[in-house]
Amino acid sequence: MDVRLPSRLAPPLGAVLLCTLLMGGPPPTVASPAVLFPSADTTSPRARRLLIQGTTEAQLGDYEEAISHFEAALEQVPEAPVLLLALADAHEAQGALSTALFYARRAQTQGSPRPSPYRRLAEMQRAAGDPAAALRTYQQLLDHVPNANDAHRARAAIQADLGRTKGAIQSYEIYLQRADSPPIDVYRRLLSLYRKTGDKDGVETTLRTLVERRPTVRSYQRRLGEYYADEGRPRKALALLAPLGRQFPNDEAFRRQVQRLARQTGQSIASPTQRAQSDSTRSQSASPDAPLRRARSMYDAATASSPPDTAQLRAAAGVLRDVLHQSPDTEAALSLQAELYQAWGRPEEAGRAMERLLDLTPRAPGRWVRTAQTYQRAHLYARAAGVAEEGFLLFPGHMPLARTAAFARLRTGDPAKARRHFQDALSLLGDSTGAAAEAVLHAGLGLAKSRLGRPREADDALKNARALAPQHPQVVRLYARSLARQDDRLDQALDLAEQAVENAPDSPSAHRALGQVQFRRDELEAARRHLRIALDAGGPSATLLERLGDVEAALGNDTAAQTYWQRALDRNPDRSSLREKLAVPANS
């Protein structure tokens, strides 16, 4: 099967050596030539020169020339893992997956004490549709590097996708035992797995952890209380659920559940009337209603002008923080906070407010879509994809969630998942769906298939898109990006990308697509100009910053390249290609 994986512009070692050469000394992670050439004569200046030359050619996109240099260097230092990985990356960039996997396997079998050869091979295997092989590689990594804890988490995700629920649970549990501050998403995934296996102890332990880690997210407290109620432990259930009455005042089923638990335990719960009388005795300043109204008034005044008055927005945000400090789960305050941050141009903070709303009321599919799209506007594509995918698990027939997850996964560099989501979205289209909306999905599917090295399938999808909406800006843009991956179609890609900019001169996405095509054509100055326009107009994403760094490196501007790459890494610390270019250890 001919599959093209996401290309890397420079092999990891090449980036290290290039930094060494241009910056006048080795970076801290490169201690000696023995680290660079661990299995052969380390005094071969010819091999080092060939490697640097190959790296330069790869940066410029001439992978054939890069491969010839790497192969010549390999003759000088046979079986050096860094050279084998460089060859794997170069062949991967050309779409020669079988050859790339051959060299990646050779690099991994050298028994390197570093985890990167194992990770790289596993990533290739998984992207190529062989998750079982990726699992074996991660296990070999753990055998050689026992402290590579992220491998346990990676294994767990693959095992869960394969339906190996017990194995996934075991891998996640090992990961949690070793991780200092595991992300909350791991506990959410574990909770789902424990429920599948009927592991009541696991469900309880995980819910208790979620309550402890997120004490202001009342939905976790409610789920734990309902778990205790289902398990016949009414006292524990009531202790958790009774204080939540204010958070769910209109939930009649919840109110009856609390009253039933109170009768079972012989305890008395104040009626709504009694609670209202008690509330009226409190001071007016303790109620969030007055400051919330004041914040709304300030927000309305701030947004009456264009652009909004940021001083007024800042003041309203301060009032809202006070309201939420007093009552963390006030839906009206969280909703207003999300609106405010959107108007202020701070989508990441808006997304966080909307996620808290999801925890309170998760049964609204449109809210999941809006939250994911908000994170997309913040260029936090992995978070956007995670939110959309979690929502799609709750609402598997909701097409906008599949569509949002698909485009977010394209941006994270995961075309295999993007393809699945695009196919889901297309299968869920209704009769009322317009031709333009359907065309965009076909175009996205085409780009995903192109990145997976399936040019014929990609062409079929893209032709469907253009048949439905030939001049749609997003269709034209996606078509150009897909063709840019084929050396023999760069002229056509350029025509389409220029058309996209001509049709939408203010679109940062159009300028970004044109810049990427120009970079592939070695039109470096023009590529830099359009990518900078995209950066100024659309804001910094890790992918765009990395590509600008690549252009600067190809132009010989190493300091500018390093600056862009570091900015990109600050936005996406898990991006392996950036760590390679900056020679940053994976666990730093």
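Quick note: residue numbers are just sequence positions, from 1.
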Under a 4.5 Å cut-off applied to non-hydrogen side-chain atoms, are [X] and [Y] in contact?
X	Y	answer
Pro183	Arg153	yes
Ser335	Leu357	yes
Glu498	Val501	no
Leu429	Arg403	no
Trp565	Leu545	no
Gln499	Arg477	no
Leu494	Leu514	yes
Leu462	Arg466	no

Criterion salt bridge (Lys or Arg N to Asp or Glu O under 4.0 Å) on Asp185 and Arg189, from CA distance to verdict: CA-CA 6 Å; Asp185 184 61; Arg189 291 175 181 271; 2.7 Å; yes
Smallest separation among heavy atoms of [X] and [Y], with atom names:
X	Y	answer
Ala439	Ala465	O-CB, 3.3 Å
Ala133	Gln125	O-OE1, 3.1 Å
Ala90	Ile67	CB-CG1, 3.6 Å
Ala343	Thr303	CB-CG2, 4.0 Å
Ala497	Ala480	N-CB, 3.7 Å
Gly397	Phe392	N-CE1, 4.4 Å

Which residues pass the side chain to side chain donor-acceptor pair (under 3.5 Å) test with Arg352, sequence neighbours left out? Glu348
Going by the rule side chain to side chain donor-acceptor pair (under 3.5 Å), which residues pair with Asp309 if we only count those two or more places apart in sequence or in a different chain? none
Using the side-chain contact (heavy atoms from CB on, under 4.5 Å) rule, take Trp368 and Phe395 through it: C-alpha gap first, then chi angles, then the decisive distance, then the call. CA-CA 10 Å; Trp368 287 91; Phe395 306 99; 3.8 Å; yes
Give a yes or no on whether the backbone of [Y] and the side-chain of [X] come within a donor-acceptor separation of less than 3.5 Å.
X	Y	value
Ser482	Leu478	no
His472	Gln474	yes
Ser450	Gly446	no
Ser68	Glu65	yes
Arg520	Ala484	yes
Thr412	Arg409	yes
His511	Pro505	yes

When rounded to the nearest 0.5 angstrom, what distance separates [atom1] in [X] from [atom2] in [Y]?
X	Y	atom1	atom2	answer
Leu524	Leu555	CG	CG	4.5 Å
Gln337	Leu334	CD	CG	6.0 Å
His530	Glu523	NE2	CD	9.5 Å
Asp150	Leu141	CG	CG	7.5 Å
Asn464	His442	CG	NE2	5.0 Å
Leu84	Asp89	CG	CG	11.5 Å

So, do His91 and Tyr103 have ring centers that fall under 6.0 Å from each other?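 Yes, close enough.
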Evaluate the criterion side-chain contact (heavy atoms from CB on, under 4.5 Å) for residue pair Arg567 and Glu546; output intermediate values, then yes/no. CA-CA 8 Å; Arg567 287 177 63 190; Glu546 181 177 8; over 6 Å; no
Flag if over 12 foreign heavy atoms under 6.0 Å of CZ, Arg106: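 More than 12 within 6.0 Å, yes.
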Are [X] and [Y] within salt-bridge range, i.e. N to O under 4.0 Å?
X	Y	answer
Asp424	Arg420	no
Arg532	Glu552	yes
Asp459	Lys449	no

Check the pair Asp550, Lys581 against salt bridge (Lys or Arg N to Asp or Glu O under 4.0 Å), reporting the backbone distance first and the verdict last. CA-CA 9 Å; Asp550 296 335; Lys581 292 169 186 175; 2.8 Å; yes
So Phe407 and Phe422, would you call those rings parallel, tilted or perpendicular, with 30° and 60° as cut-offs?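 Perpendicular, since the angle between the ring planes exceeds 60°.
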Using the six-membered ring wherever Trp is involved, compare the ring planes of His379 and Tyr381 and label them parallel, tilted or perpendicular (cut-offs 30° and 60°).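 Perpendicular: the ring planes of His379 and Tyr381 meet at over 60°.
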As a quick check of understanding, evaluate side-chain contact (heavy atoms from CB on, under 4.5 Å) for Trp344 and Arg314, giving each step before the final call. CA-CA 9 Å; Trp344 201 348; Arg314 186 178 296 107; 3.7 Å; yes
side-chain hydrogen bond (donor to acceptor under 3.5 Å, both in side chains) between Arg489 and Gln492, worked out: CA-CA 5 Å; Arg489 303 185 73 177; Gln492 187 181 355; 3.2 Å; yes
Is it true that the side chains of Arg377 and Thr374 contain a donor and an acceptor less than 3.5 Å apart?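 On atom types as modelled, these side chains qualify, holding a pair under 3.5 Å.
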Verify side-chain contact (heavy atoms from CB on, under 4.5 Å) between Phe70 and Leu50, making sure each step is shown before the conclusion. CA-CA 7 Å; Phe70 296 147; Leu50 288 165; over 6 Å; no
